[in-house]
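For reference, the structure is listed below as structure tokens.
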Amino acid sequence: MDIVFRTQKLEKLFNSKTNLVRKLGADRANRVQKRLDDLRAAANLEVMQTLPGRCHELTGDQAGQLSLDLDHPYRLLFIPANDPIPRKKDSGLNWSEVTEVEILGIEDTHE
């Protein structure tokens, strides 16, 4: 899958192991790297449902976003970046056709 970043600042952070460790600590930085590696290796978003990290769609104020678990309570947040976003007939996200994601950042989605 292709990965793009919401900002250049995020891209610089996520593409440097040193910067990730400095900002997030070694454990969370390793988890971020693993999730990014999984995303890059996946043919589409549906594959992510079979891998560790509990890839799932968010609801409420964050509807339209997806997340991958890091260390509790932090999540890697992203959105489908295909244009147009692949939809099923019932207007739900067609995970099997999402081949590009945009990384939004890392958050505690429970706040």
Check: side chain to side chain contact (heavy atoms under 4.5 Å, CB included) between Leu76 and Leu104: does it pass, once the steps are laid out?
Finding: CA-CA 8 Å; Leu76 176 64; Leu104 304 177; over 6 Å; no
Please name the pair of heavy atoms, one in [X] and one in [Y], separated by the smallest distance, quoted to 0.1 Å.
| X | Y | answer |
| --- | --- | --- |
| Ile3 | Leu36 | CD1-O, 3.7 Å |
| Cys55 | Leu68 | CB-CD2, 3.5 Å |
| Pro80 | Gly64 | CD-O, 3.9 Å |
| Leu93 | Val98 | CD1-CG2, 3.8 Å |
| Gln33 | Phe14 | NE2-O, 3.5 Å |
| Val47 | Ala43 | CG2-N, 4.2 Å |

Margin query: Count I, L, V, M, F, W, Y as connected when their side-chain heavy atoms are under 4.5 Å apart, and connections chain through other members. Are Leu39 and Ile79 then in the same cluster?
Written below: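 No, Leu39 does not connect to Ile79 through the hydrophobic network.
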Item checked: Path from Val32 to Leu66 over hydrophobic side-chain contacts below 4.5 Å -> yes
Side chains of [X] and [Y] in contact at under 4.5 Å (non-hydrogen atoms):
| X | Y | result |
| --- | --- | --- |
| Ser67 | Tyr74 | no |
| Ile106 | Leu77 | no |
| Asp2 | Val101 | no |
| Asp69 | His56 | yes |
| Gln62 | Glu57 | no |
| Phe78 | Val4 | no |
| Asn44 | Glu97 | no |
| Leu70 | Leu24 | no |

Checklist line | Pairwise salt bridge (charged side-chain N to carboxylate O under 4.0 Å, His left out) hits with a residue in residues 4-27, at least two apart | finding: Arg6-Glu102, Asp27-Arg31
Notebook entry, point to check: Side chains of Asn82 and Thr99: do they bring a donor and an acceptor to under 3.5 Å?
Noted result: yes
Notebook entry, point to check: Testing Lys34, Arg35, Arg28 for salt bridge (Lys or Arg N to Asp or Glu O under 4.0 Å) with Asp71, which one passes?
Noted result: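 When Lys34, Arg35, Arg28 are each tested with Asp71, the salt bridge (Lys or Arg N to Asp or Glu O under 4.0 Å) holds only for Arg28.
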Check: Can you tell me if CG on Asp37 sees more than 12 non-hydrogen neighbours from other groups inside 6.0 Å?
Finding: yes
Next item on the list: Drop me the distance from Thr18's OG1 to Asn15's CG, to the nearest 0.5 angstrom.
Entry: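 Output value for this atom pair is 12.0 Å.
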